[in-house]
There are 2 protein chains.
Amino acid sequence: MGRKTLIDEEELISRLSNVFREVGYEGATLALLAEATGLKKASLYHRFPQGKEQMAREVLEKAGSWLEEHILAPLRAAGAPASRIDAMVKQLDAFYSGGRQACLLNMLSSARIHGGPFTEMIERVFEAWIGALSAVLLDAGLDRKTARSRAERTVMMLQGSLVFSRGMGTTRPFREFLKSLPAELRKI
Amino acid sequence: MGRKTLIDEEELISRLSNVFREVGYEGATLALLAEATGLKKASLYHRFPQGKEQMAREVLEKAGSWLEEHILAPLRAAGAPASRIDAMVKQLDAFYSGGRQACLLNMLSSARIHGGPFTEMIERVFEAWIGALSAVLLDAGLDRKTARSRAERTVMMLQGSLVFSRGMGTTRPFREFLKSLPAELRKI
DNA sequence: TTTTCTTTACCGACCGATCAGTCTAGTTAA
DNA sequence: TTAACTAGACTGATCGGTCGGTAAAGAAAA
């Protein structure tokens with residue numbers, strides 16, 4: 001009952017995500033979001049009654065569950081730490097389109113909306129990511145403290161390489177970082 | 001001839017800079033910029049006839065010359081590489097208010113304005129920064145390639161630590177990164 | 001089968017508010 | 001007296017958001 005959607009939920013969120021990742025929350029106008037999805041503004045409000053904020057929230061939630069499924073779960077899976085890290089690297093390359101797309105965690109954390117609905121989720125995602133990463137490094141034989149520290153540095157380098165890549169207009173820094181990551185994490 | 005300004009050029013640029021660093025280009029409304037400077041909108045247009053874009057451009061230019069004067073010049077000065085790096089670290093801590101303030105190079109590089117007036121300058125600043133840093137590392141005995149690579153990694157980690165600090169709502173990651181930086185760069 | 005009925009997806013037209021930016025009539029100090 | 005400076009009222013455009021209504025699909029009724 002009811003007519004079919006022109007664009008299914010997953011594709012819809014994905015298109016919205018691209019916009020937020022490109023121009024951030026304030027830059028993502030409803031006009032841009034409508035254009036990117038092929039739906040008119042009013043239709044977007046049918047799908048997301050709470051408007052732009054809900055869109056960003058669901059996009060961020062989707063990113064969180066994507067991270068959980070494609071990165072953290074494999075990181076926690078059985079197998080040698082090295083191969084688990086290799087798996088993560090491969091997924092990261094896909095997730096950030098080889099460095100062409102920015103990270104939502106950076107683009108949605110502008111101070112204008114600090115204390116808002118994104119702050120908490122951004123913290124949670126960062127925390128989960130570092131937790132899973134440091135668990136792997138713990139498995140690899142590092143002590144708690146250096147495992148945690150190296151996990152944090154990895155996430156920071158990932159973010160930094162994306163910022164730098166965007167700033168320089170080339171994906172090279174991101175790609176080189178990903179390439180160096182397995183060896184980087186392997187050394188004690 | 002003419003009366004004195006209520007707020008001098010330097011303070012004015014600094015106040016504008018704070019806004020852009022907090023909320024980015026799209027988030028920085030004229031109302032916010034006026035509030036932050038104590039000037040009314042029309043007065044801002046007297047100081048910056050080309051409007052918001054000129055404000056952001058001059059803020060970015062100022063940041064570039066500040067970097068040149070307080071970071072790159074000391075980096076190129078005489079003295080042991082280690083002490084030059086120590087000097088940079090001290091200045092970075094001040095420039096980013098101990099991790100409380102974001103980097104313009106990140107906040108002004110949203111895709112909405114890509115190809116715009118900031119893109120080129122952002123690239124130039126990144127380039128200059130890495131150039132000066134890798135020159136120091138060259139002085140310290142590293143070969144060209146690893147000096148350049150380590151310089152890039154340093155800038156990326158700086159950016160990443162700022163992103164991570166903002167996302168987590170604490171300055172700890174930034175401060176720890178700065179603290180570890182001298183030792184990090186010292187090792188061959 | 002064909003005709004309703006119900007439900008859902010979608011959209012054109014509109015809303016008040018705010019956006020960046022302008023204009024003019026002062027105010028202030030040299 | 002003059003020119004740098006400022007304020008407030010204004011502009012058209014765009015902002016996020018709302019509304020009444022139409023299009024399309026399956027279910028129920030004929």
Side-chain angles (χ1 to χ4, degrees), chain A residues 1-60 107-108 110-118, chain B residues 1-13 15-20 22-60 107-108 110-118:
Chain A
M1 39 157 78
R3 64 191 273 196
K4 279 185 232 160
T5 55
L6 289 185
I7 180 174
D8 65 88
E9 179 82 0
E10 196 174 314
E11 180 68 13
L12 179 54
I13 295 281
S14 164
R15 303 279 191 95
L16 293 175
S17 182
N18 289 341
V19 177
F20 284 115
R21 289 169 77 170
E22 274 171 32
V23 299
Y25 186 78
E26 335 278 349
T29 66
L30 288 216
L32 270 178
L33 295 166
E35 190 192 26
T37 56
L39 294 179
K40 301 291 178 183
K41 199 177 9 167
S43 304
L44 279 177
Y45 270 85
H46 176 69
R47 300 286 205 99
F48 304 93
Q50 287 130 280
K52 183 173 155 178
E53 190 177 306
Q54 184 185 0
M55 298 180 212
R57 201 168 52 240
E58 293 200 15
V59 158
L60 193 51
M107 301 306 284
L108 289 183
S110 95
R112 191 80 178 283
I113 43 185
H114 219 73
F118 311 125
Chain B
M1 36 142 87
R3 60 191 278 198
K4 277 186 238 162
T5 56
L6 288 185
I7 180 175
D8 64 88
E9 178 81 0
E10 194 174 317
E11 180 69 12
L12 179 55
I13 295 281
R15 302 279 189 93
L16 294 176
S17 182
N18 288 342
V19 178
F20 285 114
E22 274 170 32
V23 299
Y25 186 79
E26 336 278 350
T29 65
L30 287 209
L32 271 177
L33 295 166
E35 190 193 28
T37 56
L39 295 181
K40 301 291 180 180
K41 202 181 0 171
S43 304
L44 279 177
Y45 270 84
H46 177 71
R47 300 285 204 100
F48 304 92
Q50 287 128 283
K52 183 172 155 179
E53 190 177 305
Q54 183 185 0
M55 298 180 213
R57 200 168 52 240
E58 293 200 14
V59 158
L60 193 51
M107 302 305 284
L108 290 183
S110 95
R112 190 80 178 282
I113 41 186
H114 219 72
F118 311 125

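The chains referred to below are lettered A, B, ... by the order of the sequence lines, with proteins before strands, and numbering in each begins at 1. All values derive from a computational prediction rather than experimental measurement.
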Please give, in whole Å, the distance from [N] [atom2] to [X] [atom1]?
X: B:Glu26; N: C:dT18; atom1: CD; atom2: C1'; value: 15 Å
X: A:Glu35; N: D:dG16; atom1: CD; atom2: C1'; value: 17 Å
X: A:Lys4; N: D:dA23; atom1: NZ; atom2: P; value: 18 Å
X: B:Leu30; N: D:dT6; atom1: CG; atom2: C1'; value: 16 Å
X: A:Leu39; N: C:dC11; atom1: CG; atom2: P; value: 6 Å
X: A:Phe48; N: C:dA9; atom1: CZ; atom2: C1'; value: 13 Å
X: A:Leu6; N: D:dA25; atom1: CG; atom2: C1'; value: 13 Å
X: B:Leu32; N: C:dT18; atom1: CG; atom2: P; value: 12 Å

Would you say [X] places a side-chain N or O within less than 4.0 Å of OP1 or OP2 belonging to [N]?
X: A:His46; N: C:dC10; result: no
X: A:Thr5; N: C:dA9; result: no
X: A:Ser43; N: C:dC11; result: yes
X: B:Lys40; N: D:dT6; result: no

Side chain to side chain contact (heavy atoms under 4.5 Å, CB included) between A:Gln50 and A:Tyr45: does it pass, once the steps are laid out? CA-CA 7 Å; A:Gln50 287 130 280; A:Tyr45 270 85; over 6 Å; no
What nucleic acid atoms does A:Ala28 come within less than 4.0 Å of, heavy atoms only: base, sugar-phosphate, or nothing?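 Since only primed, P, OP1 and OP2 atoms lie under 4.0 Å of A:Ala28, the category is sugar-phosphate.
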The side chain of A:Tyr45 is closest to which nucleotide in this list: D:dT18, D:dC15, C:dA20?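 Of all the options, the side chain of A:Tyr45 is nearest to D:dT18.
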Out of D:dG16, D:dA25, D:dG8, whichever nucleotide has its closest atom nearest the side chain of B:Ala42: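 For the B:Ala42 side chain, the nearest candidate turns out to be D:dG8.
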Donor-acceptor pair, side chain of A:Thr37 and main chain of A:Leu33, under 3.5 angstrom: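 Side chain of A:Thr37 to backbone of A:Leu33: a pair is present.
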Can you check whether A:Glu35's main-chain N or O pairs, donor with acceptor, with A:Lys40's side chain at less than 3.5 Å?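 Not confirmed, A:Lys40 side chain does not pair with A:Glu35 backbone.
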Applying side-chain hydrogen bond (donor to acceptor under 3.5 Å, both in side chains), run through A:Ser110 and A:Glu26 and close with a yes or a no. CA-CA 9 Å; A:Ser110 95; A:Glu26 335 278 349; 3.1 Å; yes
Hey, which sits more toward the 5' end of DNA chain D by its nearest nucleotide, A:Lys41 or B:Arg47?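 Here B:Arg47 is the residue nearer the 5' end.
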Any chance you could measure A:Glu11, atom CD, to A:Asp8, atom CG, to the nearest 0.5 Å?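 Going from CD on A:Glu11 over to CG on A:Asp8, the span is 6.5 Å.
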